[in-house]
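The chain is numbered in sequence order, starting from 1. What you see is a predicted model; the values in this text were computed from it and never measured.
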Amino acid sequence: MKAAGRSVRTRLRDRVAASDPGLLRLTAGLRTVGAIALTLAVLAPTGTDITHLVAGAMASMVATFAIREKQRRAQAVTLALGLPVALVSVSLGAVLSERLIIGDVFFVALIFSAVYGRRFGDRGTALGLIGFQVYFVSLFVGASTGQLPGLWAVTAVAFACSALVRFVLVPVTPTGLLGRLREAFRARLAQLVSAQLALLDASAEDPQGIDKALEEVRAGTARLHETALMIQSRLEEGTRDEATARLVQRRIADAEIAAERLGLVLLSARSAERADTLTLHLPGAPAPEVGRLPGPEESTALVRRDLMALRALVLRAGGGAAETVLKQVRNRLLAYREEENLPAASRAVQDVFRAIGEAARAVMGLRIALEGPQEEADETPETARSREELDAEDAAIDAEQTEQAEEPKGLQRPTTRAAVQVAVGSTLAIVGGELISAHRWYWAVLTCWIVFLNTASTGEILVKGYRRLLGTVFGVVAGILLAGLVGRHTVTAFALVLVLIFAMFYTAPLSYTLTSFFVTAMLGLLYTLLHTYSWEVLVLRVEETALGAACGVVAAAFVLPVKTDRRTNELLGTVLERLAGVTEAAVGQLSGGPADDLLDKARDLDQALGDLRGAVQPLTHPVTPLRARRNTAQYVVALLETCAYHARSLAATAELLPTHPSIAADPRLRGAAARTVRNIEAIAARVEDEHAGTRIETGPSIASLLGGADGDATARYGRITTRVLRHLERLDEAVVGLARPLGVPVSTPDR
């Protein structure tokens with residue numbers, strides 16, 4: 001029973017870790033709710049009235065969510081600086097509330113300063129957020145100068161409670177957070193292998209089942225990549241030194257590439273022809289025509305057995321006898337890296353066994369990087385060889401500095417432009433909001449402010465405004481129902497407020513509409529506590545929200561506008577530039593050139609692609625009326641993800657050159673891949689200037705440029721692995737595929 005209980009707890013823990021990597025959402029919700037609850041627990045016994053309780057609760061919420069630094073010392077400094085900012089802000093809010101014109105002018109200046117402060121990093125962003133939100137709190141509770149001593153006291157208590165929860169009750173250290181992210185990576189890797197198992201078992205007579213299984217593989221691959229990026233962003237703070245950070249980064253990348261390749265070769269083995277890598281990156285793309293796995297039924301059973309073994313190796317649960325079994329399983333899977341150990345099967349199925357062996361090697365390398373080397377007496381020669389390769393690779397990893405790009409200045413700086421835009425939008429919101437309501441106008445300003453947070457183009461602001469309005473409408477309905485149920489029960493109302501606040505922060509990274517829903521429902525309860533609740537107040541909230549969103553969109557569209565097309569083109573150019581850089585550096589190293597910092601180049605490419613993926617959301621949103629444009633945007637992003645996968649794989653292979661005996665430099669690769677790099681640069685030039693007269697070239701395959709046939713690469717080029725050629729050719733094909741949707745002419749040289 002104990003073993004069964006542990007198994008259930010382990011599975012539950014893995015599911016939570018996979019659904020919330022690093023427990024970031026859970027931590028945010030617990031910290032915020034804990035800070036509010038502690039503030040109320042301290043203030044309530046002192047006889048504090050409802051108005052001050054609400055002000056204290058909101059101040060503790062602001063003090064908790066505004067701090068975003070990763071290091072605890074930096075968080076403490078920002079929180080200490082935030083208290084005087086909050087005290088000044090609440091004081092000015094109370095003093096200026098009776099002076100209409102001066103108060104409005106100051107509010108606009110405060111908003112400008114808060115947004116402009118983002119240029120100073122996380123601390124500037126946090127202090128600006130505290131200043132704005134606490135000023136808003138003073139307006140919300142109707143603060144007056146006579147209430148200031150009490151408001152100062154509850155604000156100080158709120159910040160103290162927030163600090164206590166952050167540093168004592170719900171502490172998060174960089175090392176601990178990185179450890180939880182690694183657990184999430186492990187859990188998501190196991191989920192991806194499970195999805196690949198489902199793809200293996202999907203019946204060829206059930207197309208819908210195959211499409212569903214493929215969608216699970218696609219989603220699992222994307223979730224694994226997301227977690228890898230989260231880990232990479234926290235490596236330096238969570239590891240003891242830079243060398244360890246780079247080692248973990250390398251092993252995470254190896255495991256991600258191996259898992260993605262396993263899904264691709266498995267799909268290819270079930271297809272009549274080799275599956276296009278794009279299939280794993282284009283949402284909604286139908287599965288290629290598939291049948292049963294070729295070869296005898298025993299082959300399929302062996303693949304199923306080994307995928308289950310790989311999943312067990314990833315999860316690494318148990319000890320004693322179970323640990324011994326896992327070592328035996330690992331030894332068997334690693335043996336597939338030797339040709340003579342492959343089971344008798346078709347070439348496509350043998351590729352699956354090879355991919356399983358490479359995935360097992362990546363899992364072992366990741367474990368060694370995280371837990372250190374383990375001395376084992378029962379290793380097979382194949383396992384010992386894999387361990388020696390990993391040790392040699394680890395010793396070859398060096399840290400190098402990367403150059404910082406020059407930032408734009410003046411009004412071209414994003415923070416300055418956003419500050420001007422939000423100041424203009426807020427001015428419009430104040431004027432319009434006061435025409436609608438002389439007492440609740442600040443809701444319009446708050447919405448205008450919020451739609452500018454973490455947005456960079458008119459399209460992004462439009463989508464965010466739409467989502468906030470939609471969530472507000474549904475939240476009003478929920479607020480009416482909850483207010484009717486709670487009535488005058490103060491304790492019940494505060495308890496529900498805490499539940500809604502937790503839900504708000506837990507769902508914030510997932511859905512802005514849900515976040516707005518929970519915020520509005522919570523406000524209905526707060527109005528009930530303040531005895532200002534009415535149907536008219538909640539309807540007014542919808543009107544002010546719609547006005548604020550409209551003012552934000554107008555300001556973004558007419559004041560220093562950054563159109564979605566311009567924004568996406570800039571980011572697309574960055575992705576293409578970094579793709580060319582990674583490809584050229586990897587091919588150069590594979591050709592015998594000097595070693596380069598391929599790990600950081602690949603990470604920069606992934607980050608740029610992530611920025612582009614977020615920027616095209618207005619174009620790919622379900623409500624967009626431009627269906628053809630949406631499909632084109634999805635197709636381009638999917639092609640770029642395919643290119644990034646092959647570029648990462650080339651970079652990972654190139655870094656093996658100094659240590660891997662089966663890979664050696666081949667000078668012919670540089671010339672063969674030069675066309676691909678030129679094509680990427682030509683597309684980038686066309687994106688930057690649509691009138692540029694650039695063209696891309698097509699021609700013979702990479703293998704034929706090396707002097708042989710595509711299918712005879714292994715036999716002719718013992719020094720160059722088949723995998724390198726495949727990645728180069730698939731990258732070349734994907735780059736050519738980008739030409740049509742981006743309007744770049746294609747020329748085929750005469751043979």
Taking [X] for the side chain and [Y] for the main chain, is one N or O donor matched with an acceptor at less than 3.5 Å?
{"X": "Thr520", "Y": "Gly475", "value": "no"}
{"X": "Ser511", "Y": "Leu514", "value": "yes"}
{"X": "Arg99", "Y": "Val95", "value": "yes"}
{"X": "Arg180", "Y": "Gly22", "value": "yes"}
{"X": "Thr32", "Y": "Gly29", "value": "no"}
{"X": "Gln232", "Y": "Gln249", "value": "no"}
{"X": "Arg166", "Y": "Arg72", "value": "no"}
{"X": "Ser60", "Y": "Ala57", "value": "yes"}
{"X": "Ser437", "Y": "Glu434", "value": "no"}

Exercise. Passes side chain to side chain contact (heavy atoms under 4.5 Å, CB included), Asp20 versus Thr27? Steps please.
Worked result: CA-CA 10 Å; Asp20 181 14; Thr27 301; over 6 Å; no
For this session: Under the ring-ring contact (aromatic ring centres under 6.0 Å, His included) rule, collect the residues that match up with Phe136, sequence neighbours excluded.
Result: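 With neighbours one apart ignored, the set is Tyr442, Trp443.
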Problem set entry | CZ (Phe120) with more than 12 external heavy atoms under 6.0 Å | yes
Exercise. More than 12 non-hydrogen atoms from neighbouring residues, nucleotides or ligands closer than 6.0 Å to CZ on Phe106, yes or no?
Worked result: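 Enclosed: over 12 neighbouring heavy atoms sit under 6.0 Å from CZ of Phe106.
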Supply the atom-to-atom distance [X] [atom1] to [Y] [atom2], rounded to the nearest 0.5 angstrom.
{"X": "Leu571", "Y": "Leu609", "atom1": "CG", "atom2": "CG", "result": "10.0 Å"}
{"X": "Phe502", "Y": "Leu498", "atom1": "CZ", "atom2": "CG", "result": "11.5 Å"}
{"X": "Thr515", "Y": "Ile450", "atom1": "OG1", "atom2": "CD1", "result": "10.0 Å"}
{"X": "Ile130", "Y": "Leu87", "atom1": "CD1", "atom2": "CG", "result": "11.0 Å"}
{"X": "Met504", "Y": "Phe517", "atom1": "CE", "atom2": "CZ", "result": "13.0 Å"}
{"X": "Arg541", "Y": "Thr472", "atom1": "CZ", "atom2": "OG1", "result": "4.5 Å"}

For this session: Start with the C-alpha gap between Val420 and Phe112, add the side-chain angles, then the distance that decides, and say whether side chain to side chain contact (heavy atoms under 4.5 Å, CB included) holds.
Result: CA-CA 7 Å; Val420 173; Phe112 176 89; 3.9 Å; yes
Check: [X]/[Y] side-chain N/O donor and acceptor closer than 3.5 Å:
{"X": "Glu69", "Y": "Thr78", "value": "yes"}
{"X": "Arg468", "Y": "Thr545", "value": "no"}
{"X": "Ser162", "Y": "Thr64", "value": "yes"}
{"X": "Thr175", "Y": "Thr173", "value": "no"}
{"X": "Thr227", "Y": "Arg188", "value": "yes"}

Write down the atom of [X], the atom of [Y], and the distance for their closest heavy-atom approach.
{"X": "Ala493", "Y": "Val486", "result": "CB-CG1, 3.5 Å"}
{"X": "Ala423", "Y": "Val108", "result": "O-CG1, 3.8 Å"}
{"X": "Ala80", "Y": "Pro84", "result": "O-CD, 3.0 Å"}
{"X": "Pro21", "Y": "Ala184", "result": "CA-CB, 3.6 Å"}
{"X": "Gln421", "Y": "Val559", "result": "NE2-O, 2.8 Å"}
{"X": "Leu482", "Y": "Ala521", "result": "CD1-CB, 4.3 Å"}

Exercise. Can a salt bridge be assigned to the pair Asp122 and Arg68 using a cut-off of 4.0 Å between side-chain N and carboxylate O?
Worked result: no
Exercise. So, Arg603 and Asp606, do they make that salt bridge, N to O below 4.0 Å?
Worked result: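 Judged by the 4.0 Å cut-off on N to carboxylate O distance, Arg603 and Asp606 do not form a salt bridge.
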Exercise. Where do Trp441 and Leu139 land on the side chain to side chain contact (heavy atoms under 4.5 Å, CB included) test, with the steps shown first?
Worked result: CA-CA 10 Å; Trp441 55 270; Leu139 297 177; 4.0 Å; yes
Problem set entry | Chi angles and distances behind the salt bridge (Lys or Arg N to Asp or Glu O under 4.0 Å) call for Arg566, Glu570 | CA-CA 6 Å; Arg566 174 185 162 191; Glu570 289 176 352; 3.3 Å; yes
Exercise. Any chance the rings of Phe132 and Phe107 have centres within less than 6.0 Å?
Worked result: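 Here the rings of Phe107 and Phe132 have centres that are less than 6.0 Å from each other.
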Problem set entry | Within 45° cone of Tyr512 ring axis and under 6.0 Å: Arg467 NZ or CZ |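 Not flagged: Arg467 not positioned over aromatic ring of Tyr512.
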